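For the single chain, residues carry numbers from 1 onward in sequence order. Note that the structure is predicted; figures quoted are calculated from it, not measured.
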Amino acid sequence: MSKKDVAACLARIADALERLAPPAPPPPDFSAAEAFVWRAAGGAFHPVRRVNRVDIDLLEGIDLQRDILFANTSRFAKGLPANNALLWGARGMGKSSLVKSVHGALAGEGRLKLVEIHREDIEALPDLLGALAGAPFQFIVFCDDLSFDGPETSYKALKTALEGGVEGRPKNVLFFATSNRRHLMPRDMMENEAATAINPGEVIEEKVSLSDRFGLWIGFHNCSQDDYLAMVFGYARHYGLDAPEATIRAEALEWSMTRGARSGRVAWQYVLDLAGRLGKTL
């Protein structure tokens with residue numbers, strides 16, 4: 001076979017491989033929406049046409065947490081220094097709702113974007129930050145229900161991406177995460193690894209240093225009965241659910257007892273049930 005034939009054969013093989021390879025994703029158009037979901041598999045940003053959130057004024061019982069996160073995010077939206085935030089604590093107390101509501105309250109001018117990254121894509125976080133670094137917007141990268149279990153080491157990628165790498169976190173990006181755990185890892189996981197380590201203290205320090213990357217630790221705790229009822233009545237007033245106050249109170253308390261918990265999520269679930277019985281749409 002001549003050199004010319006070999007070159008032609010190699011060219012055909014290259015063309016075939018290019019046809020088999022998936023096309024490169026188009027450059028993201030961040031002006032198309034105020035929120036996006038990023039998936040590492042395709043490296044694509046999927047616009048969210050309607051964000052699943054409630055108005056920030058409807059969030060009851062978490063006034064201090066709301067004010068702290070709002071002030072931090074407001075500074076960031078203006079291009080001023082701000083901190084990564086870890087919202088941790090009791091289930092159903094509005095951690096993810098608060099992130100989305102604060103973004104909604106500050107997204108009016110169109111410069112502040114919300115980008116959700118799934119827990120399983122955390123190892124690819126540096127790729128996401130690289131894609132956002134040159135864009136003319138401010139980005140909140142949000143991971144809901146972030147935690148680490150077992151022998152996985154993807155938390156190291158998160159540590160590096162947030163504050164530890166040579167490039168550092170882009171100035172137009174903040175990272176917000178919610179978790180039921182303050183240190184993002186179960187205590188028994190840290191203790192088990194420490195028990196088999198030459199220097200147990202170093203193991204604990206490495207794990208705890210992950211949450212240290214978050215300048216804000218915002219705690220959420222189980223609510224009182226009064227706070228729970230304030231949530232229920234706040235939703236009822238907002239959506240015009242016309243039922244006697246005594247009836248709503250009694251039903252809401254019974255609803256919480258059947259769930260074994262009082263939280264913002266439980267309050268909302270009761271309101272959904274009440275609205276359905278009253279024939280109201282929310």
Practice item. Please test Gln269 against Trp255 for side-chain contact (heavy atoms from CB on, under 4.5 Å), starting from the C-alpha separation and ending with a verdict. Key: CA-CA 9 Å; Gln269 290 167 345; Trp255 186 274; 3.9 Å; yes
To the nearest 0.5 Å, tell me how far [X] [atom1] sits from [Y] [atom2].
| X | Y | atom1 | atom2 | value |
| --- | --- | --- | --- | --- |
| Ser74 | Leu69 | OG | CG | 11.0 Å |
| Asp55 | Ser101 | CG | OG | 7.0 Å |
| Cys143 | Arg119 | SG | CZ | 7.5 Å |
| Lys100 | Leu59 | NZ | CG | 10.5 Å |
| Thr178 | Trp88 | OG1 | CH2 | 13.5 Å |
| Thr73 | Leu114 | OG1 | CG | 10.0 Å |

Side chain of [X], backbone of [Y]: donor and acceptor closer than 3.5 Å?
| X | Y | result |
| --- | --- | --- |
| Lys95 | Ala90 | yes |
| His103 | Leu112 | yes |
| Asn72 | Asn83 | yes |
| Asp127 | Gly43 | no |
| Glu116 | Phe36 | no |

[X] versus [Y], closest heavy-atom pair with distance:
| X | Y | answer |
| --- | --- | --- |
| Lys280 | Asp242 | NZ-OD2, 4.2 Å |
| Arg169 | Leu174 | NH1-CD2, 3.4 Å |
| Ala124 | Ala40 | CB-CB, 3.8 Å |
| Tyr228 | Ala252 | OH-O, 2.7 Å |
| Leu146 | Ser179 | O-OG, 2.9 Å |
| His46 | Arg39 | CD2-NH1, 3.0 Å |

Can you tell me if [atom1] on [X] sees more than 12 non-hydrogen neighbours from other groups inside 6.0 Å?
| X | atom1 | result |
| --- | --- | --- |
| Arg50 | CZ | no |
| Arg259 | CZ | yes |
| Arg277 | CZ | yes |
| Glu254 | CD | no |

Do [X] and [Y] touch side chain to side chain, with heavy atoms closer than 4.5 Å?
| X | Y | value |
| --- | --- | --- |
| Lys113 | Ile140 | no |
| Glu251 | Tyr270 | yes |
| Ile248 | Phe233 | yes |
| Phe45 | Leu132 | yes |
| Asn84 | Leu216 | no |
| Gln65 | Leu87 | no |
| Phe139 | Phe30 | yes |
| Leu86 | Ile218 | no |

Review point. Distance only, no hydrogens: is a donor on one side chain within 3.5 Å (strictly under) of an acceptor on the other, for Asp226 and Ser224?
Key: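 No, no side-chain donor-acceptor contact under 3.5 Å.
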**Study point:** Test side-chain contact (heavy atoms from CB on, under 4.5 Å) applied to Phe175 and Phe214, step by step
**Key:** CA-CA 8 Å; Phe175 188 81; Phe214 296 89; 3.6 Å; yes
Same cluster or not: are [X] and [Y] linked, directly or through other Ile, Leu, Val, Met, Phe, Trp or Tyr residues, by side-chain heavy atoms under 4.5 angstrom apart?
| X | Y | answer |
| --- | --- | --- |
| Phe70 | Trp217 | no |
| Val232 | Leu241 | yes |
| Val271 | Leu253 | yes |
| Phe220 | Phe176 | yes |
| Met231 | Leu64 | yes |

Exercise for review: Please find out if less than 6.0 Å separates the ring center of Trp268 from that of Tyr235.
Suggested key: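 Yes, ring centres under 6.0 Å apart.
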